[in-house]
K.L.:
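Before I ask anything, let me first share the structure, which is written out below as structure tokens.
Only heavy atoms go into these numbers, but all of them, side chains included; no hydrogens, no water, no symmetry mates. In listed order, ligands and their atoms are each counted from 1.
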Amino acid sequence: MDCIFCHIVSGKIPSDIVYQDEKVIAFRDINPQSPVHLLVIPREHFTSLADLTEKEAHLMGHMVGVANQLARDEGISGTGYRLVINCGKQGGQLVPHLHLHVMGGRQLSGQLG
Ligand code: 5GP
Ligand code: ZN
């Protein structure tokens with residue numbers, strides 16, 4: 001499948017990987033919107049959040065756990081951060097492989113869109 005994030009998982013497209021395990025990888029966003037801007041993605045291809053069911057509850061919990069650990073590692077846990085998943089076109093999703101944004105290191109706006 002010609003998916004940019006699957007190519008990052010396979011190593012075909014290079015990225016600045018900050019964490020990986022058997023289920024997920026995390027890397028720095030190529031166009032960061034905040035001093036810390038990471039993406040946590042499952043190795044398995046899910047096109048969007050809408051593809052997840054209760055069956056994947058453990059995966060989602062793991063992604064949040066990894067995001068929280070990375071926030072601590074990046075030193076933004078105390079000051080605060082934002083986890084975002086854009087879903088579908090009107091949700092602002094551009095890359096069709098499920099990803100969790102981890103953003104922090106500056107005051108983020110209170111606006112949600
Ligand atoms: P979305 O709008 O789909 O929620 O966010 C996609 C994110 O992926 C954007 O923040 C964009 O900068 C990032 N991105 C797109 N292509 C690449 C890439 O090839 N490498 C990395 N590291 N990030 C990417
Ligand atoms: Zn993919």
Side-chain angles (χ1 to χ4, degrees):
M1 187 193 308
D2 202 22
C3 166
I4 193 167
F5 284 0
C6 281
H7 290 328
I8 284 178
V9 168
S10 72
K12 190 173 158 196
I13 292 179
S15 64
D16 188 354
I17 293 173
V18 293
Y19 175 83
Q20 54 184 318
D21 63 27
E22 70 284 357
K23 290 276 173 217
V24 305
I25 75 167
F27 50 95
R28 294 192 192 281
D29 195 292
I30 206 167
N31 183 24
Q33 302 300 306
S34 48
V36 175
H37 189 171
L38 309 174
L39 299 172
V40 180
I41 74 170
R43 287 183 183 275
E44 184 179 348
H45 180 91
F46 295 93
T47 300
S48 82
L49 187 67
D51 284 359
L52 297 189
T53 66
E54 192 68 26
K55 202 157 61 71
E56 285 82 32
H58 178 77
L59 174 64
M60 203 64 236
H62 183 55
M63 287 170 67
V64 170
V66 167
N68 285 343
Q69 182 57 52
L70 290 171
R72 287 191 284 275
D73 295 347
E74 296 282 323
I76 57 170
S77 196
T79 44
Y81 53 101
R82 182 172 293 170
L83 304 185
V84 173
I85 297 177
N86 297 323
C87 179
K89 187 170 179 287
Q90 290 201 345
Q93 183 180 6
L94 295 175
V95 176
H97 180 129
L98 175 64
H99 50 282
L100 175 63
H101 295 260
V102 184
M103 304 174 68
R106 68 169 170 84
Q107 181 62 54
L108 299 172
S109 98
Q111 253 180 303
L112 281 177

K.L.:
May I ask you to test the His101-Leu39 pair for a side-chain heavy-atom distance under 4.5 Å?
P.N.:
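Yes - at least one pair of side-chain heavy atoms lies under 4.5 Å apart.
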K.L.:
Which residue from Val84, Leu38, Ile30 reaches closest to atom 23 (N) of ligand 1 through any of its heavy atoms?
P.N.:
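Selected option, by shortest heavy-atom distance: Ile30.
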K.L.:
Which residues satisfy the side-chain hydrogen bond (donor to acceptor under 3.5 Å, both in side chains) test with Thr47, sequence neighbours excluded?
P.N.:
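If we apply the side-chain hydrogen bond (donor to acceptor under 3.5 Å, both in side chains) test to Thr47, skipping adjacent residues, the hits are His45.
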K.L.:
According to a hydrophobic-cluster definition based on side-chain heavy atoms being under 4.5 Å apart (Ile, Leu, Val, Met, Phe, Trp, Tyr only), do Ile85 and Ile41 belong together?
P.N.:
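Unlinked, Ile85 and Ile41 end up in two clusters.
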K.L.:
Answer with yes or no whether Ile8 contacts ligand 1, where contact means a heavy atom under 4.0 Å from a ligand atom.
P.N.:
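Contact check Ile8 vs ligand 1: positive.
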K.L.:
Is Gln111 reaching over with its side chain to a backbone N or O of Gly113, donor-acceptor style, under 3.5 angstrom?
P.N.:
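Not confirmed, Gln111 side chain does not pair with Gly113 backbone.
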K.L.:
Would you mind listing which atoms of ligand 1 come within a distance below 4.0 Å of any non-hydrogen atom of Phe27?
P.N.:
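That gives atoms 21 (C), 22 (N) of ligand 1.
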K.L.:
Any N or O of Gly92 that comes nearer than 3.5 Å to an N or O of ligand 1?
P.N.:
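Among all N and O atoms of Gly92, at least one is under 3.5 Å from an N or O of ligand 1.
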K.L.:
Around the Zn ion (ligand 2), how many protein N, O or S atoms are closer than 2.8 Å?
P.N.:
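Every protein N, O or S atom under 2.8 Å from the Zn ion (ligand 2) counted, the figure is 4.
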K.L.:
At a non-hydrogen distance cut-off of under 4.0 Å, which region of Leu39 contacts ligand 1 (side chain, backbone, both, or neither)?
P.N.:
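The answer is the side chain.
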K.L.:
Ligand 1 versus His99, non-hydrogen atoms closer than 4.0 Å: side chain, backbone, both, neither?
P.N.:
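The answer is the side chain of His99.
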K.L.:
With a cut-off of 4.0 Å, which atoms of ligand 1 are near a heavy atom of Asn86?
P.N.:
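Checking each atom against Asn86, I get 1 (P), 2 (O), 4 (O).
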K.L.:
Looking at His97, is its backbone amide N or carbonyl O close enough to the side chain of His99 to form a donor-acceptor pair, meaning the two atoms are under 3.5 Å apart?
P.N.:
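Yes: the side chain of His99 pairs with the backbone of His97.
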K.L.:
Give yes if a backbone or side-chain nitrogen or oxygen of Ile4 is under 3.5 Å from a nitrogen or oxygen of ligand 1, and no if not.
P.N.:
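No.
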